[in-house]
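See below for the structure under consideration.
Residues: numbered from 1 along the sequence shown. Predicted model, so just to flag it, every value in this text is computed and none were measured.
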Amino acid sequence: MAAASSPPALHVKPGTEWAAVLGRAADLVPEAFGTDRLHNLVDGAWRPIGSPEPLVTPVDGTKLIGLPRLSAGEAQHAVLAAAAAHREWAQTPLAERKARVTAAVEAMVAARDELALLLAWEIGKPWKLACADVDRALDGVRWYVEEIDTMLGDRAPLAGPVSNIASWNYPMSVLVHAELVQLLAGNAVLAKTPSQGGAACLTLAHALMAREGLPVTLLSGGGAELSSVLVRSPEIGALAFVGGRSNGGKVAADLLDTGKRHMLEQEGLNAWGIWEFSDWAGLAAHLKKGFEYGKQRCTAYPRYVVQRELVDQFLATYLPVVQSLRFGHPLAVEADGDDLPTLDFGPVISAAKAQELGRQVSDAMHRGAVPLYRGSVSDGRFITGQDTSAYVAPAALLSPAGASSLMHAEPFGPIDTIVVVDSEAELLAQMNASNGALVASLACDDEDKARRLAREVQAFKVGINKPRSRGDRAEPFGGRGASWLGCFVGGELLVQAVTQGAENELLHGNFPEHSRYPAAI
C-alpha cells in the first residue's frame, strides 16, 4: 500500500514578500520612506528625525523596518506647525476641502492592495480582512463627502487641529477615516502611529494625503514621551482617542483641567446574553463571524452568558463553529498562482500578547474554569520552520472564577468564556461584569422582554436577535436602533448624539461621524 502523500509545502506568495511590498510603497512615495526607517511628517515635509527602533512582524517574527521615536520637544514643534496649518485650512472653502479629500481617497484606492498588504505584514490581518479595513475607510469618507454640506450647516472649524491617538488594530477604518472626516470639517489633523503596528500603512496613506495638499501630521514615538504634548498642548482643538482603558484613563486624567473637547472610545468586556432563545441556526453564522481577526477588535464578543436550560443547545451550535476556524500565515500559499488564503485570523499582535493569553487561560483553569475547547497552534496553516510564537489557537472556558482576569476584562484574542445563569438578574449582572462595554447583544425570542433587558445592559450599542459587531452599511446593528454617546468637558455634557440606524449622522461637537463606522468615533 502506497504511503499517503504529505500536503505541498507552503511559501509566501510571490510579490507579497515584505521586501517587495515595502519596495512598491517606497516607489509610490519615496519621500516618506528611508532605507532603514520610516520618516515623520512634520510641517508638510517628511523628515528623517527620531531614534529608530525595529518593527517586528507578528506573522513570522522577522524585522520589518525602523520606527523612529520622537522626543517631546520634536512633537511640540510638530503641534505648533499643525496649529499654523490649521488656521489656513479653516479658511479654505468647503468645496476645495471636498475636492482635496476626494483626490486623496482616489489616490488610496489606486494603492489599495499595497495598503492592505502592509497591514497583513504589520498586524497579521488575513488578506480579505486587510482589504476590508482599507475599503471601509474609503467608502465611509466618500459618504461624508456627499453629506458634509448639510451635516456642517453653519458650524465653524475648531480653534485648533485635532489630535488623534488610536490603537493598532484598524489603522485605516478607524484612524485614517476619522482624520479625513475631520479634514472635511475644516480641521487640520495630527496622528500618532501606534507603536505595535500599522506604521508603514499609515505612512503610505498620509503621504498620499499630503500630496493632495491636506494639512496632516504623522508622528511616531512612545506614549510616555508624546502623550502629554498630544493631549494637553493648548494649541490642540480637540482629542480623539481609541484604545484600552488603562491608557484611556490616563488621557482622561490629563484632560480633566483643560476644558478641551474630546472623544474617548475604550474597550470593555462585550457580552452576548442568551435567554429563552431558539434560533440556533441563525446564531451560528454570527458566532463564526465573531472570530474575525482573532477577536482583536473592540467590538468582538469574548463572553457568552447562557441560560442554564439552553447550555446544551448553545454548545451544540458553538463548538462546531470553534472547531471549524482556520488560522495561520496570512500570505502563505501552496502554489505561486494560488489566491491568498481565506482565514478567520492570523497571529495576535505580538509574541508577548500570545504569552499573556496563555497565562490568562492557565490561571483561569487553575482557579476552576472548565476547558470546553482548546485548539492547538499545530492546527494552523504555516510555512515549515516559521516562527509561530505570536499565534494563539482558539479556546473556550466554562465558568471562570471571579478572581480570574478573564471574568472581568477583555482578552483581545481568540479566547471565549461562557457563564451559566439561572435568572434575569444574574444574566444582567454577568453581562455587565466589566462595568461598561462598547457593544452587547441579547438573543431572546421574546423581543419585548429583550428590549426590557437591554435597557439594563451597560453598553453603547445593544443588538437584539440580529446582533452585529459593527455598524457599517454591510452589517448594520440590530436591536434598539437608538443609543447615545456624550462628549464631555470636565463633568459637563456638551453634546449628546442620538443614532437611529445606518444612515443617520452622529455629530460630536464639530466632528461629523457616521453611525456606520462607530470605531471611528
Side-chain angles (χ1 to χ4, degrees), residues 29-53 55 65-92 100 104 157-166 171 175-176 178-180 182-183 186-195 198-241 243 247 250-251 254-255 257-262:
V29 287
E31 67 273 19
F33 292 86
T35 56
D36 64 342
R37 67 175 67 189
L38 301 172
H39 292 166
N40 281 269
L41 179 57
V42 178
D43 197 13
W46 290 95
R47 306 174 189 272
I49 54 177
S51 176
E53 292 186 352
L55 284 176
I65 196 169
L67 179 66
R69 295 177 69 92
L70 298 187
S71 67
E74 290 168 319
Q76 187 63 60
H77 168 72
V79 169
L80 294 174
H86 173 82
R87 289 190 289 272
E88 180 178 348
W89 183 249
Q91 301 302 316
T92 303
R100 292 192 189 185
L158 295 168
V162 184
S163 178
N164 291 271
I165 302 174
L175 185 54
V176 170
E179 290 179 274
L180 288 168
Q182 293 159 9
L183 288 159
N187 302 301
V189 298
L190 301 96
K192 178 187 172 300
T193 56
S195 299
C201 174
L202 289 170
T203 297
L204 174 56
H206 283 75
L208 296 173
M209 294 159 69
R211 284 190 169 193
E212 300 303 333
L214 295 175
V216 294
T217 299
L218 184 65
L219 308 177
S220 55
E225 295 86 2
L226 303 189
S227 180
S228 62
V229 176
L230 298 179
V231 173
R232 292 185 59 85
S233 292
E235 294 82 9
I236 291 173
L239 174 75
F241 172 88
N247 288 335
K250 295 174 184 176
V251 168
D254 281 344
L255 286 167
D257 64 344
T258 66
K260 196 182 300 296
R261 287 177 181 256
H262 57 278

So which atom in [X] and which in [Y] form the shortest heavy-atom distance, rounded to 0.1 Å?
X    : Y    : answer
P161 : V189 : CB-N, 4.4 Å
E179 : A191 : OE2-CB, 3.4 Å
L226 : S71  : CD2-O, 3.6 Å
L239 : I165 : CD1-CD1, 4.1 Å
A188 : A82  : CB-O, 4.0 Å
S233 : V79  : CB-CG1, 3.9 Å

Is a side-chain N or O of [X] found less than 3.5 angstrom from the main chain of [Y], in a donor-acceptor match?
X    : Y    : value
H86  : L158 : yes
S220 : P68  : yes
R261 : A238 : no

Got [X] and [Y] here, is their nearest side-chain heavy-atom distance under 4.5 Å?
X    : Y    : value
E53  : R69  : yes
L214 : L180 : yes
P171 : L175 : no
V216 : L183 : yes
L38  : L202 : no
L80  : E235 : yes
V176 : H206 : yes

Checklist entry - How many angstroms lie between atom CG of L190 and atom OG1 of T217, to the nearest 0.5 angstrom? => result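 Going from the CG atom of L190 to the OG1 atom of T217 covers 4.5 Å.
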Next on the checklist: Please report the interatomic distance CD(Q76) to OG(S228), rounded to the nearest 0.5 Å.
Outcome noted: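 Q76 atom CD to S228 atom OG measures 8.5 Å (nearest 0.5 Å).
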Checklist entry - Given W46 and T203, is the side-chain contact (heavy atoms from CB on, under 4.5 Å) satisfied, shown in steps? => result CA-CA 10 Å; W46 290 95; T203 297; 3.9 Å; yes
Next on the checklist: Testing the 3.5 Å rule here: is there a donor-acceptor pair between the side chains of N40 and E74?
Outcome noted: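 Side-chain D/A pair, N40 to E74: absent.
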